[in-house]
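Written out below as structure tokens is the structure these notes cover.
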Protein chains: 2
Amino acid sequence: MDGVNRTKSGGPAGANLFAVRSHNTALVLDLLRAAGGEGISRLELAERTGLTPQAVSKITARLREAGLAAEAGRRASTGGKPRTVLRLVPEAGHAVGVHLDRDELRAVLVDLDGAVVGERRGALDLGAGAEAVLGVVAGAVEGLVGEVLEAAGPGLGEVASLLGVGVALPGPLDHARGVLHRVTRFPEWDGFPLRDALAERLGVPVVVDKDTNAAALGLAVGGEGGSFAYLHLGTGLGAGLVIGGSVHRGVRTGAGEFGHQVLQLDGPACECGDRGCVEALCLAAVERGETEEAARVLGVGAGNLVALLDIDLVLLGGRTITAAPEAFVAGVANVLDARARREGALGTPTPVRLAPGGERSVAEGAAQLLLAPLFGRPNT
Amino acid sequence: MDGVNRTKSGGPAGANLFAVRSHNTALVLDLLRAAGGEGISRLELAERTGLTPQAVSKITARLREAGLAAEAGRRASTGGKPRTVLRLVPEAGHAVGVHLDRDELRAVLVDLDGAVVGERRGALDLGAGAEAVLGVVAGAVEGLVGEVLEAAGPGLGEVASLLGVGVALPGPLDHARGVLHRVTRFPEWDGFPLRDALAERLGVPVVVDKDTNAAALGLAVGGEGGSFAYLHLGTGLGAGLVIGGSVHRGVRTGAGEFGHQVLQLDGPACECGDRGCVEALCLAAVERGETEEAARVLGVGAGNLVALLDIDLVLLGGRTITAAPEAFVAGVANVLDARARREGALGTPTPVRLAPGGERSVAEGAAQLLLAPLFGRPNT
DNA sequence: TGCACTTTGGCAACAGCGTTGCGAAAGTAG
DNA sequence: CTACTTTCGCAACGCTGTTGCCAAAGTGCA
């Protein structure tokens, strides 16, 4: 029920037949994507969606006609006609994901399956100003798309299968309008309309989001459970929240400000101006070489979050984590287990795991900003 | 898109025409309810839903035939035929809301508009055991319904307009299964299937929920914004979270455990077994008579929550708050304002207000557990 | 008073969604 | 080879919101 019949006030929208078709098509596409290379049969799709087999047949027929799905062999018979297996056609759609960090740019080209089919890396100076950075980003994207999809020159709008470009970067920003607010330590970016500027330059849709949100989206699409928190501990500490399968951004895209959660009333000063923030406490412990204490502090912060939202899973990532993954996972799990024990009957401890995926995961998640809406996970 | 085509696995469900009708009908009903006594015209409904005027006409015709809506005068003409005003027929449906507290029972009978049309209060001893309490609750409900709706004897299933009974009580519980987990200080309730036991006894649907969630639902239906937190400070400290118009309960109905958020690492012991919980700090300050400090502590906890979820509004309630409302509102607002100032450009401070509604608000919210689904706000 | 115009809202025909009834296709089992 | 099972598409159908059209009910001006 999304993407149609938008009301003027942005309120809840009425549903019509077009909405039904969009909804069900996205549902089927998402199941096809989740099935991956193995594929999935029509009857299985019917069971998982609650639709009748005939409805699934009609929907998949449309998808095949559009080139988004194809038959891929058949399963073993169970005493009758064997089921025909359907799979997504990955090369029917592509998206670019760009990860802008303080000193580095990474761009990936992914197909509908989310598989990376091209990558570029380069140095970057966020302090060089908007125009310069814009040029570097546009160049990287055009180069990447031209190389892999054999697009001729500029004007990426010509490349039919290219859905758009997702850009992920640190710091607060307005996801809905695509405007940067305050890139850490670079005040000259304040208020820059990155989305519109880049979209005009490239001629394709652009979506921007916080790096932690992009990473969380990538994990959600990648199959992680319904509600989880991704905690990223690198040069700073942030979080991406996924509630019920979709990224929670809040009204002003400010959600996920995990690092400046106060954990020690009137504690040591943090660079944000407050005192006793979990980021300050945690990073100070890391600096002192006390990994165990850092993990414990992170665990207490995570415990507060888990108790408040009752989420299913905590995933840890970021450079500082990957430097001592076992210690952090164990330390955080300890705190959560203790909390669960105290709660008695309710006490199934929330599992803690290392976030899968390597250094490219933010860029891949950024690409999902364009792909995910196809599969019924709108960006709102 | 709710209430139909449930999949076996509980996964996302496909949409059919029945789902479309349910969705749109609920949307229209909700707008009629929100319009209150003033009513709303068909064309306004069409604008707000994004549906065509003709679709709204058909939907409202069905509602009028079912007795849920009626015409109520007309607006002034703007140069043509004047608009006919429609309104909800409040007496077409009723629900009972029961608030069980440690030592008191309060039951209200409300109509579709949420207006209280009957009330009962009585002493209660939660420690008297399940059977005894069940009898008191059942008696109160039957008495209340019999008195106001003139139902003859037991068997409330006969009362056509009675949608069911909502029960709100403190302590952790499983909302989905209607089972209590651990009512504070009364271990004998552990695992008691309150919902099913009461539903069988009364012969009408029963829904149970935490008291803070019921209060938050009441506020959400009562017109408070899209995403807010209701913080309740009484004998304990808890929260009800509303995200995007619906109550967030989490998978195990554990969300809203605000009180045992750790705010002071290795701080004073809390009765929960942890150290430095905001509840312990806040209540200790209250006990010392330091209202200002209690408000500041509460504000820091609220600040953590606001930053994490980027919500629109914080509402305060509960006996301790109402004892010094201005001090608490101002104290919490101070902390949130300071945080907003530090964030610079993003800095629109999250408003803090006293939760409207009096001592009956939990009971009224409990009744909304039955009414809200009619208006497209399913209980997850 | 009468006529033109605007606006509301119902009737009827329609397009398109998933559903149902049914039969062809494609296997297994004996 | 026959009987049976299972998959899956065609055709008819019911129901949704949509569109085209017109009656109803006002205002405004001559």
Side-chain angles (χ1 to χ4, degrees), chain A residues 1-7 12-28 39-66 69-86 376, chain B residues 1-7 12-28 39-65 69-86:
Chain A
M1 272 317 109
D2 315 279
V4 281
N5 255 3
R6 295 226 178 273
T7 56
N16 52 22
L17 293 181
F18 179 72
V20 170
R21 185 175 60 185
S22 306
H23 177 85
N24 290 342
T25 302
L27 227 53
V28 169
I40 186 172
S41 72
R42 288 178 180 81
L43 286 171
E44 243 177 304
L45 287 169
E47 253 182 57
R48 304 269 286 262
T49 57
L51 295 172
T52 60
Q54 185 57 20
V56 171
S57 274
K58 284 189 181 177
I59 292 168
T60 55
R62 282 200 302 262
L63 289 176
R64 284 191 298 157
E65 201 164 344
E71 298 196 342
R74 24 187 69 184
R75 289 221 196 291
S77 165
T78 61
K81 179 173 176 176
R83 303 183 173 183
T84 311
V85 172
L86 300 170
Chain B
M1 266 321 102
D2 315 280
V4 280
N5 257 3
R6 294 227 177 272
T7 56
N16 51 23
L17 293 182
F18 179 72
V20 170
R21 184 176 59 186
S22 305
H23 177 86
N24 290 343
T25 302
L27 227 55
V28 169
I40 185 172
S41 72
R42 288 179 180 79
L43 286 171
E44 244 177 302
L45 288 170
E47 253 182 57
R48 303 269 287 261
T49 57
L51 296 171
T52 60
Q54 185 58 16
V56 171
S57 275
K58 285 188 179 178
I59 292 167
T60 54
R62 281 200 302 262
L63 289 176
R64 283 191 298 156
E65 200 162 346
E71 298 196 341
R74 24 187 70 184
R75 290 223 194 291
S77 165
T78 60
K81 178 174 176 177
R83 303 183 172 184
T84 311
V85 173
L86 300 171

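Proteins come first, then strands; the chains are lettered A, B, ... in the order of their sequence lines, and each starts at number 1. Since the model is a prediction, treat every value here as computed from it, not as a measurement.
Within the 4.0 Å cut-off from OP1 or OP2 of dG18(C), at least one side-chain nitrogen or oxygen of Asn24(A) is found. At least one side-chain nitrogen or oxygen of Arg74(B) sits closer than 4.0 Å to the OP1 or OP2 atom of dG26(D). Dashed line: the shortest gap from a side-chain N or O of Asn16(A) to OP1 or OP2 of dC17(C) is not under 4.0 Å. Between Thr52(A) and dT19(C) there is a side-chain polar atom (N or O) within less than 4.0 angstrom of OP1 or OP2. An OP1 or OP2 oxygen of dT7(C) is reached within less than 4.0 angstrom by no side-chain nitrogen or oxygen of Arg75(B).
Each of dG17(D), dG14(D), dG18(C) was ranked by its minimum atom distance to the side chain of Ile59(B); first place goes to dG17(D). Of the candidate nucleotides dT16(D), dG26(D), dG27(C), dT16(D) has the atom nearest to the side chain of Val20(B). Closest to the side chain of Arg21(B), from the set dC15(D), dG26(D), dT19(C), is dC15(D). Taking the side chain of Ala55(B) as heavy atoms from C-beta on, and the options dT28(C), dT16(D), dG17(D), the nearest nucleotide is dG17(D).
Place Leu17(A) and Thr78(A) on DNA chain C by their nearest nucleotides, and Leu17(A) ends up nearer the 5' end.
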Look for any protein N or O under 3.5 Å of an N or O in nucleotides 9-12 of chain C and output each such pair with its distance, or none.
unit_1: dG9(C); atom_1: OP1; unit_2: Thr84(B); atom_2: N; d: 2.6
unit_1: dG9(C); atom_1: OP1; unit_2: Thr84(B); atom_2: OG1; d: 2.7
unit_1: dG10(C); atom_1: OP1; unit_2: Arg42(B); atom_2: NH2; d: 3.3
unit_1: dG10(C); atom_1: OP2; unit_2: Ser57(B); atom_2: OG; d: 2.6
unit_1: dG10(C); atom_1: N7; unit_2: Gln54(B); atom_2: OE1; d: 3.0
unit_1: dC11(C); atom_1: N4; unit_2: Gln54(B); atom_2: OE1; d: 3.2
unit_1: dC11(C); atom_1: N4; unit_2: Gln54(B); atom_2: NE2; d: 3.0

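A donor-acceptor pair under 3.5 Å is absent between the side-chain atoms of Asn24(A) and the main chain of Gly14(B), judged by distance alone.
Annotation: side chain of Ile59(A) is in contact with side chain of Leu51(A) (closest heavy-atom distance under 4.5 Å). Under the 4.5 Å side-chain criterion, counting only non-hydrogen atoms from C-beta, Glu71(B) is not in contact with Val85(B).
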